[in-house]
Amino acid sequence: MATRSNESFPLDKTRNIGIAAHIDAGKTTLTERVLFYTGRIHRMGETHEGASQMDWMDQEKERGITITSAATTCYWDDHRINIIDTPGHVDFTIEVERSLRVLDGAIALFCAVGGVEPQSETVWRQMDKYNVPRIAFVNKMDRTGADFENVVGMMEDRLSANPIPLQYPIGAGETFRGVIDLIENKAVIYDEESQGMDWNVMEIPDDLKGEAEKWRIRMLEAVAEYDDELLMKYLDGEEISAEEIRKVVRTATLERDITPVFAGTALKNKGVQRLLDGVLNYLPSPQDVPPVEGFHPRDKDEKLMRGPNEDDPFSAVAFKIATDPYVGKITFIRVYSGTLETGTKVYNATSDEMERVGRLMFMHSNDREDVDMVRAGDIAAAVGPKNLKTGDTICDPDDPVVLESMDFPEPVIRIAIEPKTKADRDKLTSGLVKLAEEDPTFNVSTDEETGQTLIAGMGELHLEIIVDRLKREFKVEANVGRPQVAYREAITATVDEHYVLKKQTGGRGQFAEVYMEVGPNEDGTGFEFEDEIVGGAIPREFIPSVEKGIKSSLDQGPIAGYPMEGVKVRLYDGEYHDVDSDQNSFEIAGRMGFREAARRANPVLMEPIMKVEVITPDEYMGDVIGDLNSRRGQIGKMGQRNDAQVINALVPLSEMFGYSTDLRSITQGRAIYTMQFETYDPVPKDIAKEITDEDTVDAAA
Ligand SMILES: Nc1nc2c(ncn2[C@@H]2O[C@H](COP(=O)(O)OP(=O)(O)OP(=O)(O)O)[C@@H](O)[C@H]2O)c(=O)[nH]1
């Protein structure tokens with residue numbers, strides 16, 4: 001494929017957007033239609049027979065359109081639109097967060113019948129958190145029971161949004177034919193036969209004039225609030241041009257004061273092109289969003305800003321690592337400043353490594369477009385970097401910056417996994433390694449005692465999906481164990497340890513003697529080692545060996561073999577022997593001495609505590625709270641949101657297995673909840689005993 005120089009798209013003609021929706025709202029269908037219509041403009045301009053073009057789309061579909069790619073580039077009306085994949089399932093908070101991190105604006109998709117579903121509410125709140133301007137599309141207007149006004153009302157009530165319809169649907173369900181464009185004051189009627197390629201713009205039919213006028217006034221009054229000039233004109237009864245209205249709608253949308261609302265049906269090909277016009281008219285270009293803040297990799301306090309300027313030093317964030325069947329490992333990046341050419345070395349400021357970018361591409365629905373340069377504001381796929389991880393910043397080595405990274409929740413659930421056949425062992429390992437590279441909230445380890453492979457993730461569903469992907473993408477069938485909580489161990493007392501290793505078995509012996517103080521460190525995480533040896537009591541070259549020995553024991557805590565966190569060791573004295581001491585002896589002394597000390601330092605089992613938020617209708621509040629209490633939950637803040645109660649609680653993860661089923665039965669399916677990792681806390685003694693007893697049984701079985 002020819003390499004393009006990527007000069008043709010000025011930043012103000014670029015849109016980086018996501019489509020956010022709850023499951024089944026029609027995101028896949030809408031994305032397909034967008035790719036189809038934009039493909040037609042860019043590449044299919046020559047043919048004009050609707051039906052054959054639909055066939056073309058279906059064939060593409062069979063050949064596997066990459067619509068689930070992390071980012072897809074398409075062109076509409078002289079603009080470039082990058083559609084960033086935004087998953088709808090709340091269990092994948094991280095996927096949602098990483099896409100929200102790099103997109104500039106979004107289409108919020110709703111079903112005309114179902115309206116604002118609980119999941120739409122969750123994603124909406126996340127978009128609020130990331131200050132994402134958005135427009136709304138009320139899809140499925142062709143379905144029986146479609147009710148545009150109801151959806152607009154729900155957006156006000158449930159999302160506390162300020163939805164401003166710019167269109168009003170003509171008909172609903174079977175009679176849905178098109179929309180009234182309230183800005184142009186015209187009716188747009190679609191031709192049923194042309195697969196959405198042809199439509200007629202006409203005067204508003206007489207029988208709709210009254211309704212249309214009512215909605216236009218509502219729109220104008222709402223919009224006029226955001227612009228004094230427009231308000232004066234409106235009050236004076238002056239003519240207001242469509243251009244003037246669009247300008248004010250754009251500003252108010254970018255400020256997140258309003259959400260313009262469009263109507264249509266993706267499946268029946270109505271309204272998609274006008275929605276695309278809306279993307280260009282009302283969603284931000286990379287120039288419209290504020291510069292991103294970062295800091296110097298060697299000094300967190302040195303704040304640095306990066307704006308969408310090609311002349312600034314290069315900076316970009318990796319937001320998704322994927323394995324492409326043709327190209328291999330690709331990293332999706334969002335460029336924030338400067339330019340990057342193929343063949344250049346970049347600096348990974350997050351991990352302090354250099355990487356080479358061999359190839360840069362824009363990913364389209366059905367092909368890849370090689371480019372020799374990417375610029376500020378671009379979304380592109382890079383081939384070459386080996387160790388880049390999701391969330392890492394790459395930048396100009398001479399002007400390093402770490403752009404504010406994403407928060408990744410801790411993997412808190414783990415399961416043992418093994419291949420169904422021995423022959424699959426290698427495939428399983430390489431599959432897991434690849435998946436862990438793509439997903440920062442997933443990790444793989446080996447249980448030292450049993451030799452089992454353990455995978456850890458954010459929730460039951462998360463791990464189920466991983467196992468399913470192993471099967472589909474890596475052709476490995478695997479057996480998995482029961483999900484287990486990823487416990488940890490910590491020590492709560494400070495003790496002194498004196499350990500002597502002395503072995504004399506014929507020839508050369510082993511000798512090492514260490515004195516150390518072992519206790520909890522201040523922040524409760526990681527491991528600290530202080531070397532206070534003076535006067536060569538232990539020779540310099542052996543001190544790192546002691547530390548290495550201690551570190552190797554941290555993976556296996558004294559209670560039940562869970563990893564230890566928050567440990568501090570002070571090595572303050574020792575002895576050595578000229579002949580019998582070596583690195584190996586001191587490593588063993590470090591390991592054995594630390595194990596002894598940890599056993600005496602009041603070790604405790606630590607469990608992940610989750611922050612749970614339940615939104616339930618009033619009448620179930622008592623039952624929901626009672627149930628959370630029975631799960632050792634601590635109820636926190638409560639509040640009323642519209643007609644529902646919001647309950648916050650901190651609950652141990654071990655008590656949350658099967659919660660979705662239980663909550664459904666308590667509330668007849670009318671409550672929703674979200675859960676994320678908050679902290680590790682000590683497990684109460686009686687429960688810790690149950691867990692350690694169980695572990696012994698498990699290990700014996
Ligand atoms: N009647 C009608 N059905 C639609 C419309 N758009 C999508 N659908 C149907 O709704 C169902 C879900 O559509 P998808 O496009 O797969 O929805 P999605 O949001 O991608 O779903 P997930 O991938 O499960 O999140 C499919 O059966 C579609 O055919 C529409 O405009 N009208």
Side-chain angles (χ1 to χ4, degrees), residues 17-38 54 57-58 60-62 64-72 74 83-96 99-100 106-124 126-127 134-148 150-151 167 169-179 188-192 194-197 199 261-276 278 365 461-462 464-465 468-469 472 672:
I17 64 156
I19 303 175
H22 57 84
I23 285 173
D24 253 17
K27 194 174 87 178
T28 308
T29 314
L30 176 66
T31 313
E32 276 178 8
R33 294 305 189 262
V34 166
L35 296 179
F36 172 58
Y37 294 124
T38 56
M54 289 308 287
M57 184 165 78
D58 284 341
E60 283 303 330
K61 202 162 128 188
E62 267 165 29
I65 291 185
T66 333
I67 54 166
T68 51
S69 163
T72 307
C74 58
I83 304 175
I84 293 148
D85 187 41
T86 313
H89 204 292
V90 284
D91 277 37
F92 306 113
T93 336
I94 186 61
E95 296 269 341
V96 181
S99 56
L100 293 182
I107 300 172
L109 185 65
F110 299 99
C111 166
V113 181
V116 177
E117 308 261 350
Q119 274 175 358
S120 340
E121 203 177 323
T122 318
V123 181
W124 190 273
Q126 279 173 317
M127 291 199 287
R134 63 213 86 147
I135 60 180
F137 185 61
V138 178
N139 187 32
K140 303 200 187 182
M141 277 307 302
D142 62 308
R143 271 187 63 188
T144 313
D147 187 341
F148 180 77
N150 181 48
V151 181
Q167 301 182 331
I170 302 176
E174 277 189 359
T175 63
F176 178 68
R177 289 180 296 145
V179 294
V188 182
I189 308 284
Y190 288 87
D191 171 19
E192 284 297 328
S194 75
Q195 313 282 3
M197 296 299 194
W199 58 83
V261 188
F262 297 78
T265 153
L267 188 69
K268 300 284 168 62
N269 311 308
K270 296 184 177 73
V272 177
Q273 294 96 327
R274 298 217 150 218
L275 177 67
L276 284 170
S365 61
L461 187 62
H462 184 204
E464 261 169 44
I465 300 238
D468 186 56
R469 285 189 63 191
R472 280 188 295 115
I672 54 155

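Numbering of residues begins at 1 and proceeds along the displayed sequence. Note that the structure is a prediction, hence the values are computed from the model and not measured. Order of appearance sets the numbers: ligands from 1, and atoms from 1 within every ligand.
The Asp142 neighbourhood of ligand 1 comprises atoms 1 (N), 2 (C), 30 (C), 31 (O), 32 (N), with distances under 4.0 Å to a heavy atom of that residue. Listed by number with element, the atoms of ligand 1 under 4.0 angstrom from any heavy atom of Lys27 are 15 (O), 17 (O), 18 (P), 19 (O), 20 (O).
Contacts with ligand 1 closer than 4.0 Å are made by heavy atoms of both the backbone and the side chain of Leu267.
Residues satisfying the side-chain contact (heavy atoms from CB on, under 4.5 Å) criterion with Ala266, sequence neighbours excluded, are Thr29, Leu30, Arg33, Asn139. In terms of the side-chain contact (heavy atoms from CB on, under 4.5 Å) criterion, residue partners of Asp468 (sequence neighbours excluded) are, by chain and number, Arg472.
The shortest N or O to N or O distance between Leu30 and ligand 1 is not below 3.5 Å. When only interatomic distances are considered, the shortest N/O to N/O separation between Met141 and ligand 1 does not fall below 3.5 Å.
Counting only non-hydrogen atoms, the option in Lys140, Lys270, Lys268 that gets closest to atom 4 (C) of ligand 1 is Lys140.
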Q. side-chain contact (heavy atoms from CB on, under 4.5 Å) between Met127 and Leu100: does it pass, once the steps are laid out?
A. CA-CA 7 Å; Met127 291 199 287; Leu100 293 182; 3.7 Å; yes
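Note that CD1 of Ile83 and OG1 of Thr31 are 6.0 Å apart. Values are rounded to the nearest 0.5 Å. The distance from atom CD of Glu174 to atom CG of Asp142, rounded to the nearest 0.5 Å, is 9.5 Å.
Under a 4.0 Å heavy-atom criterion, Ala21 is not in contact with ligand 1.
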